[in-house]
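Notes follow the structure.
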Amino acid sequence: MEAKINRLFGPIVTFINGGDQLPWTSPDIVVGCEREVADANKGASDEGQNESNMRLSWALVHSKQPEDVQRGIAMLEASLANASSPLQQREKLYLLAVGYYRSGEYSRSRELTVQCLEIAPDWRQALSLKKAIEDRITKDGVIGIGITVTTIGLIAGGIIASLVRRK
């Protein structure tokens with residue numbers, strides 16, 4: 001019985017929740033990355049510090065905690081100008097796009113994903129994220145249209161009901 005219910009309602013739940021394939025990080029991973037950054041700042045090379053900052057940024061933008069996502073976005077935006085290679089810039093743009101996607105800023109996420117694809121047109125992660133963004137924008141539009149149509153239907157039904165009562 002439960003399997004039948006999941007088959008029936010599974011696609012609906014996936015549609016409503018978004019169903020993206022982006023990974024989530026736990027608070028433990030974020031804490032571990034924060035420790036790694038603190039250790040790297042004590043004596044690691046600049047490259048070691050950059051790598052641990054990138055891992056922390058990755059963990060933050062993939063967190064379920066909105067404040068972590070915002071911290072990750074801020075870190076990445078602050079470090080974007082210091083990208084030393086196109087590969088590093090691509091990675092930072094992608095992580096920023098993930099952060100904006102997670103925070104619901106789909107148009108900004110799409111812009112950043114397009115910038116990633118200008119650097120690496122065949123990059124599967126960016127292509128996958130772009131599709132998830134476009135699907136989410138489409139879904140939000142469909143839900144918005146559904147709400148609008150329902151509201152108009154309720155108003156029209158109320159008007160018709162009041163006219164019928166008067167006669």
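Note that this is a predicted model, so its numbers are computed, not measured.
- Tracing side-chain contacts under 4.5 Å through hydrophobic residues (I, L, V, M, F, W, Y), one reaches Ile137 starting from Leu129; they form part of the same cluster.
- Hydrophobic clustering (ILVMFWY, side-chain heavy atoms < 4.5 Å, transitive): Tyr94 and Leu80 are in one cluster.
- The CD atom of Glu77 lies 8.0 Å from the CG atom of Leu112; values are rounded to the nearest 0.5 Å.
- In terms of modelled atom types and a separation under 3.5 Å, the side chain of Ser128 and the main chain of Arg124 share no donor-acceptor contact.
- Remark: Glu47 CD is loosely packed, at most 12 non-hydrogen atoms of other residues, nucleotides or ligands lying under 6.0 Å away.
- Using a distance-only test at 3.5 Å, with no hydrogens or angles considered, no donor-acceptor pair links the side chain of Ser52 to the main chain of Val37.
- The CG atom of Asp39 sits 11.5 Å away from atom CD of Gln49, with the distance rounded to the nearest 0.5 Å.
- With sequence neighbours left out, the side-chain hydrogen bond (donor to acceptor under 3.5 Å, both in side chains) criterion links Arg55 to Glu36.
- Side-chain heavy atoms closer than 4.5 Å link hydrophobic residues (I, L, V, M, F, W, Y) into clusters, and following such links, possibly through other members, connects Val69 to Leu22.
- To the nearest 0.5 Å, the span separating CE on Met54 from CG on Leu95 amounts to 5.0 Å.
- Side-chain atoms of Asn53 and Met75, non-hydrogen and from C-beta on, do get closer than 4.5 Å to each other.
- Considering only heavy atoms from C-beta on, Trp58 stays 4.5 Å or farther from Ser63 through its side chain.
- Leu93 has its side chain out of reach of Arg90: every pair of non-hydrogen atoms, C-beta onward, lies at least 4.5 Å apart.
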Would Arg110 and Glu105 count as a salt bridge (Lys or Arg N to Asp or Glu O under 4.0 Å) if you check the C-alpha gap in whole Å, the side-chain angles of each, and the deciding distance to 0.1 Å? CA-CA 9 Å; Arg110 183 172 40 189; Glu105 296 182 45; over 6 Å; no
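- Hydrophobic clustering (side-chain heavy atoms under 4.5 Å, transitive across Ile, Leu, Val, Met, Phe, Trp, Tyr) groups Trp123 together with Leu76.
- A donor-acceptor pair under 3.5 Å is formed between the side chain of Lys92 and the backbone N or O of Ser79.
- Atoms CD and CD, on Gln89 and Glu118 in that order, are 10.0 Å from each other to the nearest 0.5 Å.
- Salt bridge annotation for Glu134-Lys131: absent, with no cationic side-chain nitrogen under 4.0 angstrom from a carboxylate oxygen.
- Taken to the nearest 0.5 Å, the OG atom of Ser57 stands 10.5 Å off from the CD1 atom of Ile73.
- Side-chain contact between Arg136 and Tyr101 is present, with heavy atoms from C-beta onward closer than 4.5 Å.
- Residue Tyr106 is not grouped with residue Leu127 when hydrophobic side chains (ILVMFWY) are merged at heavy-atom distances under 4.5 angstrom, including chains of intermediate members.
- The NZ atom of Lys64 sits 9.5 Å away from the OG1 atom of Thr25 when rounded to the nearest 0.5 Å.
- Between the side chain of Gln88 and the main chain of Ser84, a donor-acceptor pair closer than 3.5 Å is present.
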